[in-house]
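For reference, the structure discussed in these notes is given below.
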Amino acid sequence: QVQLVESGGGLVEAGGSLRLSCVASGLTFSNYNMAWFRQAPGKERTIVATIRRSGGFTYYSDSVKGRFTISRDNAKNTVYLQMNSLKPEDTAVYYCAAAREYVRITSPDNYDYWGQGTQVTVSS
């Protein structure tokens with residue numbers, strides 16, 4: 001049974017930082033490309049960042065580029081999202097996702113497994 005469990009969300013003031021973690025179990029973590037998505041109330045789920053199996057290639061949405069950093073530790077089956085200079089518009093539920101194939105990486109439809117999400121709230 002595959003599980004992705006996110007943690008690290010919370011309430012932070014604008015300009016602050018948070019670090020999200022996602023621990024995977026029930027799969028061979030190093031075989032999966034990983035991503036973080038987010039979904040604000042009443043809006044679609046959108047890509048935040050992705051990282052390939054080896055960690056050698058990353059992708060960021062324009063809205064977070066330069067502020068967020070995705071990384072992974074294959075020995076710990078964990079993917080991270082370091083979020084700096086947070087803005088109120090970053091408020092959303094953040095989801096971890098895993099995909100075997102690195103295609104259509106910005107589309108939620110490409111991902112095989114999902115976590116339950118962690119809430120991030122940025123106050124102004």
Side-chain angles (χ1 to χ4, degrees):
Q1 178 184 355
V2 175
Q3 282 193 307
L4 302 178
V5 180
E6 301 99 333
S7 62
L11 173 64
V12 64
E13 292 185 350
S17 298
L18 284 174
R19 189 194 197 203
L20 305 183
S21 299
C22 171
V23 179
S25 61
L27 53 71
T28 303
F29 184 71
S30 58
N31 285 349
Y32 283 80
N33 306 288
M34 301 299 295
W36 288 95
F37 284 77
R38 66 186 182 187
Q39 188 167 18
K43 296 190 176 180
E44 292 185 348
R45 192 170 297 190
T46 59
I47 189 70
V48 175
T50 72
I51 187 166
R52 293 203 71 166
R53 295 180 182 92
S54 64
F57 182 80
T58 57
Y59 164 88
Y60 297 93
S61 68
D62 287 343
S63 61
V64 307
K65 199 173 295 182
R67 300 188 297 124
F68 291 11
T69 302
I70 188 170
S71 62
R72 65 189 294 163
D73 185 338
N74 286 349
K76 295 182 178 180
N77 287 2
T78 303
V79 61
Y80 304 98
L81 186 68
Q82 177 66 44
M83 305 186 294
N84 299 328
S85 302
L86 282 160
K87 305 175 181 180
E89 51 264 43
D90 294 319
T91 295
V93 177
Y94 283 70
Y95 296 91
C96 170
R100 285 298 304 267
E101 301 299 327
Y102 200 69
V103 294
R104 302 185 306 278
I105 60 173
T106 63
S107 171
D109 294 340
N110 181 55
Y111 290 82
D112 303 299
Y113 302 107
W114 291 86
Q116 82 289 348
T118 186
Q119 176 71 46
V120 171
T121 304
V122 184
S123 63
S124 57

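Nothing fancy with the numbering, it's 1 onward along the sequence. Treat the numbers as computed from the prediction; the structure is a model and nothing was measured. Because only heavy atoms are used, hydrogens play no part in the values below, and waters and symmetry mates are left out as well, while side chains stay in.
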When clusters are formed by joining ILVMFWY residues with side-chain heavy atoms under 4.5 Å apart, either directly or through shared neighbours, do [X] and [Y] land in the same one?
{"X": "I47", "Y": "L20", "result": "no"}
{"X": "Y60", "Y": "M34", "result": "yes"}
{"X": "Y80", "Y": "F29", "result": "no"}
{"X": "L81", "Y": "I51", "result": "yes"}
{"X": "Y95", "Y": "L18", "result": "no"}

Stepwise salt bridge (charged side-chain N to carboxylate O under 4.0 Å, His left out) test for D90 and K87 | CA-CA 5 Å; D90 294 319; K87 305 175 181 180; over 6 Å; no
Would you check if C22 and W36 make a side-chain contact, meaning some heavy-atom pair closer than 4.5 Å?
-> yes
Does any non-hydrogen side-chain atom of V120 lie less than 4.5 Å from one of M83?
-> yes
Name the orientation class of the two ring planes belonging to F37 and Y111 (parallel below 30°, tilted from 30 to 60°, perpendicular beyond 60°).
-> perpendicular
Minimal non-hydrogen separation, [X] against [Y], with atom names:
{"X": "S21", "Y": "T78", "result": "CB-CG2, 4.4 Å"}
{"X": "V79", "Y": "S71", "result": "CG2-O, 3.2 Å"}
{"X": "A98", "Y": "Y32", "result": "CB-CD2, 3.9 Å"}
{"X": "V2", "Y": "G26", "result": "CG2-O, 3.4 Å"}

CD (E101) with more than 12 external heavy atoms under 6.0 Å = no
Hey, what do you get for CD (Q82) to CZ (R67), rounding to the nearest 0.5 Å?
-> 12.0 Å
Can you tell me how far the OH atom of Y113 sits from the CZ atom of R100, to the nearest 0.5 Å?
-> 8.5 Å
Identify every side-chain donor-acceptor pair in residues 5-17 under 3.5 Å, counting partners at least two apart or on other chains, and give the distances.
from : atom 1 : to   : atom 2 : distance (Å)
E6   : OE1    : Q116 : N      : 3.0
E6   : OE1    : Q116 : NE2    : 3.3
E6   : OE1    : G117 : N      : 2.9
E6   : OE2    : C96  : N      : 2.8
E6   : OE2    : G117 : N      : 3.3
S17  : OG     : N84  : OD1    : 2.9

Tell me, please, which residues at least two apart from Y102 pass side-chain contact (heavy atoms from CB on, under 4.5 Å).
-> N33, T50, R52, F57, Y59, I105
Only counting residues at least two apart or in another chain, list the ones meeting side-chain hydrogen bond (donor to acceptor under 3.5 Å, both in side chains) with N74.
-> R72
Is the backbone N or O of Y94 less than 3.5 Å from a side-chain atom of R38, with the two atoms forming a donor-acceptor pair by type?
-> no
